[in-house]
**Student:** 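Could you have a look at this structure, given as structure tokens, before my questions?
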Amino acid sequence: MLKLIAFRIAQAIPVMLVVAVLTFLLMHLLPGDPATIIAGDQADQASIDQIRRDLGLDRPVPVQLWHWIVNLAQGDFGRSLMLNQAVADAVKERLPVTLSLAMLAFAITLPFGIAFGVIAAVWRDTWVDSAVMILALVGVSVPNFWIAILSVILFSVTLGWLPSAGYVPLHDSFSGWLASLIQPAVVLALFQIGYLARMTRSAMLDVLDQDYIRTARAKGVAVNTIIVKHAFRNTLMQVVTVAGYILSLLIGGSVVIEQIFALPGIGRLLVQAIMARDYPVVQGTMLLLGFAFVFINILIDLIYAYVDPRVRYD
Amino acid sequence: MTDATTLPAAAMPPRSARRRILMRRLWRHRSFRVGAGIVAVIVLMAVAAPLLSGGQPNAMSLRNRFAPPSADFIFGADNFGRDIFTRVLYGARISLWIGFASAMLAAAGGALVGMASAWFRKLDGIIMRIMDALLAFPAILLAIGINAALGPQVSSVIIALASAYVPRMARIVRAAALVVRELDYVDAARVSGAGAGRIIFRHILPNVMAPLLVSVTFVFAYAILAEAALSFLGIGPPPPHPSWGNIIAEGRDYSVEAWWIMLFPGLAISLAALGMNLLGDGLRDVLDPRLKIEA
Amino acid sequence: MKHFTPGRTAALLLSAALLTTAPLAPAFAQDPKMGGTILYANNSGPGQLDPQMAASLVELEVIAHVFEPLISMDANYDAKPMLAESYEISDDGKTFTFPLRKGVKFHDGQEMTSADVKATFERYAEVSPGKATLADVKEYRTPDDYTFVIELNNLNAVFIDQLKTPVYPFSIMPASQRNKPAREIDVVGTGPFKLGEWVKDSHLVIEKNPDYTPRDDADGPDGYVGKKEVYVDAVRYNFLPEANARVAAMQTGEADITTALPLDLAKRLEGNDKVTPVTVFPYCQQYLIVHSSQAPTDNRQVRQAIREAVNVEDLILASGEAARENFSMVYPGGAFFVGDDNAGWYNQNDPAKAAETLKAAGYNGEEIVLQSNTNYSYMRDSILVLAEQLKAAGMNVKVDITDWTTNASNMQSGDGGWNVSTTSFCSNPILGPQQWQTMIYNFPHVENNKVLDDAYAKFYASLDLSDRVAAWKDIEAEVLDGAYMIKVSDRGSNRAIANDLKGFREFNINLFWGMWLDR
């Protein structure tokens, strides 16, 4: 088992490197000079050139790439051009925000998504099924930033129930943390709830349509027992397989949500870094996110193996 | 598409008849019907935009700044006095084009990679590892990165979104192609000395079309949403392109006073995505009921 | 709101001005309450706080509270001593003597002496983009702990005015920072606030400096100088990039003061009995920048045709800014404002004449590229309207909207194939001709302009103010007539203040000394 994990990580590294190099090259292809932004618009060309020299941006791109990789090999992700701090620190500072948001949204997604799917499957082809599935469809069809803006107008401005923006760290106050995240998390979860409900329903129906269930039903086993024992278990298995995908959707979606709710997370870091041509931050963030997802996927495979004894890794 | 002599002489109805049956089954499917209807209306509006509105999408009239919905401005006017109705109509052209083109491009790329991976078994490991690694990135982040690097153009958005979805498509195509690969007639073709290219395009491609088509509709829906998100972040198609995402992004500062600016394009996006998703549901149920992929 | 014309804009600004004076004027009669934290919803946060590297408003707003220079600006933007007790200029205009205030302590407890001042200037000359100011320094002298002397090689009639600059300010830092690389200093100043918690992209707190001794030569705060007394415990800057979120924060009481509101959004707060919207002038001036080394705008007549086609009123309207019309590159009432002689090139709004000028220029449908960015909506919106105006005059216009970094780099370098772009200058119009020089040459990429060169040479060599004003008049006329830059407007800054936040003074940045919470 351990060997397998090590093997998968080892496999991921070269690919990650390719991605990193590609990101590096793509970023440096962009027009726009970070030194201009750092110097400010009152600066003359000489000062801008000096800043470029100080930051090593005057060197040829392949040389910069080489330095970056050498440093990376020593575990140094470089220094942000704009934030004046190490990339690793910048990411570390913002990770809790994005993770809080994603995890809360995940925690909202799971029960609602599964419940809706199960309800629709149990009452299949009735009005309940139609109603739930139309809701789920709306969930995967409505742009989340649009809902976010409408939601702020309703819940923050008009009703005054929730803060409109900002983040309260968990260690400052739990209620503050929850209040600052609940609105963005629900908005962010809508798409995933719809997705999961649709998936759960079809997974449930798969099982319910299988011969052995029909046989059991013919033998007079109560429908509820069947649902709980067979279909639901099977469905949970499926949910585990898409958990990684849902998480990656959540992290991706948080880019826009963090912007609207002014949450200082990874997504905002990345977008701002791209805008400001903060090369080390963009490269480092992409790389770290990539690694994070490789780990998440490995973790999910392990969970899967644990809940489904038929799956064996040798 | 396929020439009859290479088909196994199985008891299959002629192709045209099968297509007719398929169409009838599709048409009986409620989701498909509703979805196709919605999409058809939107496409029609995009095509007939000049007929439905006399104005130009970028024509300004500052006197009519923030005119609310009325007979003159059905959907109201924005901060330049541009007619939102006209902009939403012409925006359909851009947003649908971005959705369509990126879905098609992703399908083409995914089909090539997936089939190559299924056929050339030696390449399979490497290709799928790369695809897995790319899959590890949230698609929208990939799109943001690629799009940022290519610069603000409609074509960059298309390329960025397409690249973000190639890995997903490739996986689906590979799975379908691996099944086809083992079929007898493919073996027969190989034995009779047909080249890899010929077998892939003649025999495997037609058989992976069903899952490919289904995922194209879902990617189409997602690309429309993703375009809007990119525009919102300021890295979508450059203004003054009236893409739906841009109209919302430009109207977001006035969301209370001039709610109509962001309401109507938002509804348009939702409707278009809803239509494509319904269409996809129908296609999946009829063409490939085992397929598990969704939006 | 829907059909507002420039006339109504003016009325609106007037009413905003009336509203602000009403609740704020009696504030001075009350006794300030002590304590509390002011919540400030700002549009973005600083990336760094090294004064010598700071040019952006969000950096400077924090730096102004934490650091102080020798010479700074009063409420009228005139030079006044801050950490210097006073200053003395020798008759030949080359030697400047600054007696320092005694007992001024840095936030780390050390007393400020002339050694710290000298170290600050030495570091400035090495790292700051503003170091050209010090290029002519012959030597620094520190005759004793409380005297600092700068000697120049040549006469510089405006040296003191250069030292008061709020951009790349000459803030005094401890000598221990002398060799710190650019942007990597410890944030230790002498100001009435010191830096507290700072979480990038989220918030930044400045706390009252209990050991601060205000100057006693004024009754109250006076711009960056005067008697700077702090009544609150702290100010918390919350960074909210969406203007909607900043307005919502004011409405819900999550913020006591905010800034950078689009005019149409600020109006949402009218009629709210807890919040007062304010528009502050002077703030910045918006210009169209015309690239004079890039075809076809390297042709003076083509540039002039663009100027003739511009309708300023529509540009202002579309920009969503609270803006005043003003032809000049300085503000009315200032020393360098030269009256209506230079007004003829402003807001010509004459597409027919522009078409004639184009013909005379031999313009033949060459593409004119208008570049702007998505980050600043007023720039983007002005350029979109300008495109329509230029098309109406018969120009072949291409709009190219990129992001701010690309746009700004292109303006600086002249690359990127642009002909017209737009931006605002905030400190230059206040600080006058010497501060304008870099920008006048730089952004329009002026090459070989003898009129400008001669006028500037005359400017620096004139000890007499009236000669300098005459020189500036020629400079301004050449810039506007040659359409290197086309003046759009004087932009105001739309802010909103909670009614129980007292002591607010209209200034180009928000300063929190002298303010208190009445709750």
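Chain letters run A, B, ... following the sequence lines, proteins first, then strands; residues in each count from 1. Computed from heavy atoms alone, side chains included, the values below leave out hydrogens, waters and symmetry copies.
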**Student:** If you tally heavy-atom pairs under 4.5 Å against chain A, which of L271(B), L225(B), I235(B), I126(B) wins?
**Tutor:** L225(B)

**Student:** Kindly state whether the ring of F218(B) and the ring of Y195(A) have centres lying under 6.0 angstrom apart.
**Tutor:**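 Judged by ring-centre distance (under 6.0 Å), F218(B) and Y195(A) do not meet the cut-off.
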
**Student:** Using atom types as modelled and distance alone, determine if a side-chain donor or acceptor of S202(A) lies under 3.5 Å from a backbone N or O of M199(A).
**Tutor:** yes

**Student:** Quick one: does S95(B)'s side chain have a donor or acceptor within less than 3.5 Å of a partner on A92(B)'s backbone?
**Tutor:** no

**Student:** Measure the acute angle between the ring planes of F191(A) and Y222(B), then classify it against the limits of 30° and 60° as parallel, tilted or perpendicular.
**Tutor:**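 Rings of F191(A) and Y222(B): perpendicular, as their planes differ by over 60°.
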
**Student:** Heavy-atom distance under 4.5 Å to chain B: side chain of V271(A), backbone, both or neither?
**Tutor:** side chain

**Student:** For the candidates A272(B), G266(B), A273(B), which exhibits the highest count of non-hydrogen atom pairs separated by less than 4.5 Å from chain A?
**Tutor:** G266(B)

**Student:** Side chains of W146(A) and L267(B): does their closest heavy-atom pair fall under 4.5 Å?
**Tutor:** yes

**Student:** Could you tell me which residues in residues 31-43 of chain B have at least one non-hydrogen atom under 4.5 Å from a non-hydrogen atom of chain A, sorted by residue number?
**Tutor:** none

**Student:** Return each pair, listed once, that meets salt bridge (charged side-chain N to carboxylate O under 4.0 Å, His left out) where at least one residue sits in residues 129-139 of chain A; pairs must be two or more places apart or across chains.
**Tutor:**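 Listed once each, the pairs are D129(A)-R201(A).
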
**Student:** I'd like to know which of L247(A), I153(A), N144(A) tops the heavy-atom pair count under 4.5 Å against chain B.
**Tutor:** I153(A)

**Student:** Could you tell me which of G267(A), G253(A), G252(A) has the largest number of non-hydrogen atom pairs under 4.5 Å with chain B?
**Tutor:**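 The candidate making the most pairs under 4.5 Å is G252(A).
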
**Student:** Can you tell which part of M286(A) gets under 4.5 Å to a heavy atom of chain B, answering side chain, backbone, both or neither?
**Tutor:**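 Both backbone and side chain.
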
**Student:** Considering only heavy atoms, which portion of S254(A) lies under 4.5 Å from any heavy atom of chain B: side chain, backbone, both, or neither?
**Tutor:** neither

**Student:** Could you label the plane-to-plane angle of the F116(A) and F112(A) rings as parallel, tilted or perpendicular, counting under 30° as parallel and over 60° as perpendicular?
**Tutor:**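 Plane angle between 30° and 60°, so tilted.
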
**Student:** Between E258(A) and R94(A), does any NZ, NE, NH1 or NH2 come within less than 4.0 Å of an OD or OE carboxylate oxygen?
**Tutor:** no

**Student:** Is there a donor-acceptor contact under 3.5 Å from the side chain of S248(A) to the main chain of Y245(A)?
**Tutor:** yes

**Student:** What part of L137(A) gets within 4.5 angstrom of chain B, counting heavy atoms only: side chain, backbone, both, or neither?
**Tutor:**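 Backbone plus side chain of L137(A), per the 4.5 Å heavy-atom cut-off to chain B.
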
**Student:** Of the options L269(A), V87(A), L270(A), which is the one that meets V282(A) in a side-chain contact (heavy atoms from CB on, under 4.5 Å)?
**Tutor:** L270(A)

**Student:** For chain B, find which of I147(A), V157(A), I251(A), V142(A) contributes the most heavy-atom pairs closer than 4.5 angstrom.
**Tutor:**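 Looking at each option in turn, the highest pair count goes to V142(A).
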
**Student:** Is it the backbone or the side chain of I269(B) that comes under 4.5 Å from a heavy atom of chain A, or both, or neither?
**Tutor:**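 Both backbone and side chain of I269(B) come within 4.5 Å of chain A.
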
**Student:** Taking the side chain from D78(B) and the backbone from I261(B), do they hold a donor-acceptor pair closer than 3.5 Å?
**Tutor:**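 The answer is no, because no donor-acceptor pair under 3.5 Å joins these two groups.
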
